[in-house]
Amino acid sequence: MKIGNLFKGDKVIWMVLMFLCIISIVEVFSASSTLTYKSQNYLGPIWGHTWKIGVGVAAAILILNVPCRFFKLATPALLLISVIMLLWVLFFGEKTNDAGRWISLFGLKFQPSEIAKGTLVLVTAQILSATQREDGADKRAFKYILIVVIPFCLLIGVENLSTAALIFAVIYLMMFIGRVPMVQLGKLTAGAALVVFLFIGSVYLLGSMDQNSSSETQTEAIVNGEVKKDTKKSPSFLHRFGTWKNRIDKKLNSKHVAPEDYDLDKDAQVAHANIAIVGSNIIGKGPGKSVERDFLPQAFSDFIYVIIIEELGIIGAAFVVFLYIVLLYRAARIASRCENNFPAFLVMGLALMLVIQATFNMLVAVGIAPVTGQPLPLISRGGTSTIINCIYIGAMLSVSRSAKKRGQKMAIKEI
């Protein structure tokens with residue numbers, strides 16, 4: 001079998017994937033010093049990550065050979081699986097950094113929201129394609145999409161607000177591309193603004209309550225001359241409000257602090273991220289020569305872009321941005337060649353999901369956006385998220401195969 005027959009589909013997307021994987025292996029290997037120290041295994045963390053990338057590429061090859069029409073058949077099962085897993089993680093999920101987002105299944109640890117994101121894109125693409133008319137999407141499409149998306153966003157947002165916001169942004173853009181009436185999108189924008197306003201108010205109210213209480217609140221009373229302590233657990237749904245309040249406060253009330261007055265213990269992530277960026281000295285220190293990887297929490301995951309800047313400089317950081325832009329551009333080209341609406345909406349939705357998440361991550365890394373906990377797709381060290389993102393790339397490649405055939409037919413007709 002020829003290699004060309006194995007790596008079918010859009011060649012540019014394959015090149016983007018390969019470049020991102022190479023950068024991921026190099027930078028994760030450099031940024032995993034803390035994991036290496038803890039495990040006392042020099043190659044263990046990077047071997048595990050490389051193995052997941054290999055599985056992800058194999059999964060992409062498998063998925064690209066599935067005709068796009070079969071994705072529709074998987075939608076009901078994916079919806080059911082996503083709902084069950086999101087409910088499971090809400091009540092029984094494993095916590096990391098005070099957020100219960102993880103499920104362990106057969107030795108694999110993953111976030112159900114990673115699967116739910118692609119499922120919602122798949123459902124939205126089907127609704128938009130089924131309701132398309134000559135003048136745009138039918139008005140009912142807006143209602144159908146929100147009926148599906150809003151419950152999912154609420155389930156995800158309880159423990160992972162940034163992911164819920166990411167999904168909402170992607171679906172909103174898909175509706176815009178799918179020509180949902182602008183009046184409806186305008187009402188949705190106003191409604192979203194109102195929700196954000198009310199949410200921030202509730203965060204400041206309930207976040208203050210959460211900060212003023214520990215996980216357990218004790219009250220004292222004198223009974224028969226003895227001091228009795230009554231221990232009450234604070235409501236479980238409050239445990240994320242304090243975190244959200246702190247992040248909003250840090251961003252809105254940020255002011256210049258002299259270097260000698262900066263508290264490295266209080267704001268370790270932001271502080272060491274800034275040190276890494278400044279320490280790059282524009283040209284970078286070179287691969288594997290990061291200093292802040294030993295001090296920056298989640299250097300191999302949420303803040304991997306900072307390590308890229310420190311080691312590869314502005315050129316390396318710009319090249320990563322360029323790769324995501326190329327991915328979005330190629331998705332748009334593929335969508336323009338699609339004969340049917342469903343694959344066009346699907347490929348655009350998946351590309352937007354990956355690129356918007358990457359944008360969130362990079363904005364956080366350079367200090368423009370508050371810390372969200374979003375990894376850099378296809379680069380950050382992750383569990384099954386790397387494999388799932390590769391599956392999304394495989395779906396895009398599957399669409400590109402059918403779109404390429406249509407493009408060839410159009411070229412023959414022109415001749």
Side-chain angles (χ1 to χ4, degrees), residues 7-14 16-17 59-79 82 115 117-149 167 170-182 184-185 326-356 389-415:
F7 297 96
K8 293 178 284 190
D10 189 87
K11 303 303 181 185
V12 176
I13 290 181
W14 270 117
V16 169
L17 176 61
I61 294 173
L62 179 64
I63 295 298
L64 73 84
N65 286 285
V66 177
C68 188
R69 64 181 180 274
F70 287 107
F71 295 148
K72 293 183 179 181
L73 301 178
T75 303
L78 287 174
L79 276 173
S82 297
I115 298 175
K117 289 190 299 185
T119 301
L120 290 178
V121 169
L122 187 61
V123 172
T124 303
Q126 290 190 51
I127 295 174
L128 289 173
S129 63
T131 57
Q132 282 297 305
R133 305 292 182 266
E134 291 185 1
D135 57 344
D138 189 278
K139 291 182 178 180
R140 294 174 297 174
F142 180 77
K143 178 178 66 175
Y144 296 153
I145 292 172
L146 292 187
I147 288 175
V148 178
V149 172
I167 293 173
V170 171
I171 301 303
Y172 184 93
L173 290 175
M174 288 184 68
M175 288 193 290
F176 177 78
I177 295 172
R179 299 186 299 170
V180 169
M182 294 302 297
Q184 293 180 321
L185 291 180
V326 170
L327 181 65
L328 185 60
Y329 171 75
R330 293 304 299 179
R333 288 291 303 273
I334 292 167
S336 67
R337 296 200 303 266
C338 288
E339 190 170 8
N340 300 315
N341 291 317
F342 169 68
F345 292 138
L346 178 61
V347 71
M348 284 303 302
L350 293 175
L352 286 169
M353 181 176 65
L354 294 172
V355 173
I356 291 177
N389 285 331
C390 286
I391 290 174
Y392 295 151
I393 292 291
M396 294 174 62
L397 291 168
S398 174
V399 174
S400 73
R401 291 184 63 198
S402 59
K404 183 178 180 180
K405 293 178 181 178
R406 177 177 179 266
Q408 291 173 346
K409 291 180 180 177
M410 292 178 62
I412 292 174
K413 288 181 180 180
E414 291 178 359
I415 294 175

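Below, each value reflects all heavy atoms present in this structure, side chains not excepted, and no hydrogens, waters or symmetry copies.
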Is Ile63 close to Phe71 at the side-chain level, that is, under 4.5 Å between some pair of heavy atoms?
-> yes

Between OG of Ser400 and CZ of Arg333, what distance do you get to the nearest 0.5 Å?
-> 12.5 Å

Would you say Trp14 and Ile61 make side-chain contact, with heavy atoms under 4.5 Å?
-> yes

If every non-hydrogen atom of Tyr392 is compared with every non-hydrogen atom of Lys117, which pair is closest and at what distance?
-> OH-C, 4.4 Å

Identify, with sequence neighbours excluded, every residue that meets side-chain hydrogen bond (donor to acceptor under 3.5 Å, both in side chains) alongside Asn341.
-> none

Contact list for residues 344-353, test salt bridge (Lys or Arg N to Asp or Glu O under 4.0 Å), sequence neighbours left out = none

Leu173 CG to Leu185 CG distance, which is reported to the nearest 0.5 Å = 10.0 Å

Of all heavy-atom pairs between Met348 and Ile177, which one has the smallest distance, and what is that distance?
-> CE-CD1, 4.0 Å

Distance from Leu346 atom CG to Lys72 atom NZ, nearest 0.5 Å?
-> 10.0 Å

Set of side-chain hydrogen bond (donor to acceptor under 3.5 Å, both in side chains) partners for Asp10, sequence neighbours left out = Arg330

Taking only distance into account, with no hydrogens and no angle test, what donor-acceptor pairs under 3.5 Å do side-chain atoms of residues 123-130 form with protein atoms, sequence neighbours excluded?
residue	atom	partner	partner atom	Å
Thr124	OG1	Leu120	O	2.8
Gln126	NE2	Thr75	OG1	2.3
Ser129	OG	Ala125	O	3.0
Ser129	OG	Gln126	O	2.9

Look up atom CE in Met174 and atom CG in Leu352, then write down how far apart they are to the nearest 0.5 Å.
-> 8.0 Å

For Arg179, which residues count as a salt bridge (charged side-chain N to carboxylate O under 4.0 Å, His left out) partner, sequence neighbours excluded?
-> none

Decide yes or no on side-chain contact (heavy atoms from CB on, under 4.5 Å) for Met396 and Ile334, but give the supporting numbers first.
-> CA-CA 9 Å; Met396 294 174 62; Ile334 292 167; 5.8 Å; no

Identify the heavy atoms of Val347 and Val399 that sit nearest to each other, and give their distance.
-> CB-CG1, 4.0 Å

To the nearest 0.5 Å, what is the distance between CZ (Phe7) and CG (Leu17)?
-> 9.0 Å

Taken to the nearest 0.5 Å, the spacing of Ser398 OG from Ile391 CD1 works out to 13.0 Å

Identify every side-chain donor-acceptor pair in residues 137-147 under 3.5 Å, counting partners at least two apart or on other chains, and give the distances.
residue	atom	partner	partner atom	Å
Asp138	OD1	Arg140	N	2.8
Asp138	OD1	Arg140	NE	3.1

Counting distance only, does the side-chain N/O of Ser82 pair as donor-acceptor with the main-chain N or O of Leu78 below 3.5 Å?
-> yes

Verdict with reasoning, Ile393 to Leu354, per side-chain contact (heavy atoms from CB on, under 4.5 Å) | CA-CA 9 Å; Ile393 292 291; Leu354 294 172; 3.7 Å; yes

